[in-house]
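Okay, structure first, notes after.
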Amino acid sequence: METIRQASSSVMSEQRNVKGIIINLLALVLGITLTFTAGLMIADSTSALYLVVVTSGVVVAIIFAIKLIGGSRQLVYTPTGSQAKEVSLFFKTSEIDKLTQAIVESDHTRLDHLVSSNNSGIRLDVIMSKDGQFSACQIMRYVPYCYEPASAVYHVSSNFCSTLIKLSKSI
């Protein structure tokens, strides 16, 4: 059975986030500038202030260099160009039938009665575009060391997915 990412690969793509790249680049430049200006501005290289400023500059430069190399990516719904949000919710294993029924019937009122749990065997993956044109979810079951699909990918209403995303923020 295919996962939600595989099923939506024809309409979803990962693209570089230009805003994230610019922010990482500016922070990298700030870290490098902080390191070198500390050497020029503080004459006593043995002072605590010098060590703190240089160390801070090096740490900031290293962190944002790693973030820049790793890339800043975002999931995008290709037909509209809208950014998509991906969320995972966790539920108790005993709730799988109720969860499946709520998804099949697209009844978001039933979601309030489900018991969510961080240490559980059921994960609900949700992908929704910001413009609401695309929304899908899939139930995954924990099999030792990984999650495997326990259901097909359901394409549901954007209201249902937005309720799921609100639910994820309240956990």
Side-chain angles (χ1 to χ4, degrees), residues 1-28 30 60 62-171:
M1 196 178 301
E2 63 183 357
T3 64
I4 194 167
R5 278 289 194 124
Q6 294 166 336
S8 60
S9 66
S10 62
V11 293
M12 291 284 182
S13 65
E14 276 195 22
Q15 297 177 353
R16 287 199 168 268
N17 182 358
V18 177
K19 181 180 174 185
I21 291 172
I22 291 171
I23 290 172
N24 288 338
L25 212 80
L26 289 174
L28 177 64
L30 174 76
V60 167
I62 289 172
I63 288 172
F64 285 99
I66 291 171
K67 286 181 77 173
L68 192 62
I69 291 168
S72 185
R73 298 192 169 273
Q74 63 185 5
L75 192 61
V76 175
Y77 179 54
T78 311
T80 62
S82 175
Q83 187 176 354
K85 185 171 192 166
E86 190 171 22
V87 175
S88 292
L89 297 162
F90 298 89
F91 296 94
K92 290 186 176 180
T93 309
S94 60
E95 301 285 342
I96 191 167
D97 292 330
K98 295 176 188 175
L99 182 61
T100 305
Q101 191 173 13
I103 292 170
V104 168
E105 296 176 5
S106 197
D107 184 8
H108 58 84
T109 58
R110 290 185 180 190
L111 296 173
D112 297 333
H113 305 294
L114 296 174
V115 179
S116 58
S117 172
N118 288 337
N119 300 332
S120 67
I122 301 298
R123 183 179 83 192
L124 179 65
D125 291 342
V126 180
I127 296 178
M128 181 178 162
S129 64
K130 279 192 176 180
D131 63 2
Q133 297 293 316
F134 180 84
S135 51
C137 59
Q138 182 179 31
I139 300 172
M140 307 288 279
R141 182 187 308 268
Y142 184 76
V143 179
Y145 309 113
C146 67
Y147 280 93
E148 293 182 355
S151 72
V153 176
Y154 296 103
H155 295 278
V156 293
S157 70
S158 58
N159 289 339
F160 186 80
C161 277
S162 61
T163 302
L164 286 170
I165 290 173
K166 287 176 189 170
L167 181 65
S168 73
K169 290 179 182 175
S170 66
I171 294 176

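In this text, all values refer to a predicted model and were calculated from it rather than measured experimentally. Values below: every heavy atom of this structure, side chains too, minus hydrogens, waters and symmetry copies.
Q6 places a side-chain N or O within 3.5 Å of a backbone atom of T3 that can act as its donor or acceptor partner. Judged by distance alone, the side chain of S88 and the main-chain N or O of D125 form no donor-acceptor pair under 3.5 Å.
To the nearest 0.5 angstrom, F91 atom CZ is 14.5 Å from M140 atom CE. Atom-to-atom distance recorded for K98:NZ and T100:OG1 is 12.0 Å, nearest 0.5 angstrom. Note that CE of M128 and OG of S82 are 9.0 Å apart. Values are rounded to the nearest 0.5 Å. Interatomic distance, I4 CD1 to I139 CD1, rounded to the nearest 0.5 Å: 11.0 Å. Atoms CD1 and CG, on I23 and L68 in that order, are 12.0 Å from each other to the nearest 0.5 Å. How far CG of N24 is from CD1 of I63: 11.0 Å, rounded to the nearest 0.5 Å.
Residue pairs meeting the side-chain hydrogen bond (donor to acceptor under 3.5 Å, both in side chains) criterion with at least one partner in residues 131-154, sequence neighbours excluded, are T80-D131, S129-D131.
Contact annotation: the side chain of L99 approaches that of I103 to within less than 4.5 Å [non-hydrogen atoms, C-beta and beyond]. The side-chain heavy atoms of R16 and I21, taken from C-beta on, include a pair separated by under 4.5 Å. Side chains of L75 and R5 form a contact here, defined as non-hydrogen atoms less than 4.5 Å apart. Counting heavy atoms from C-beta outward, I127 and F134 have side chains that approach closer than 4.5 Å.
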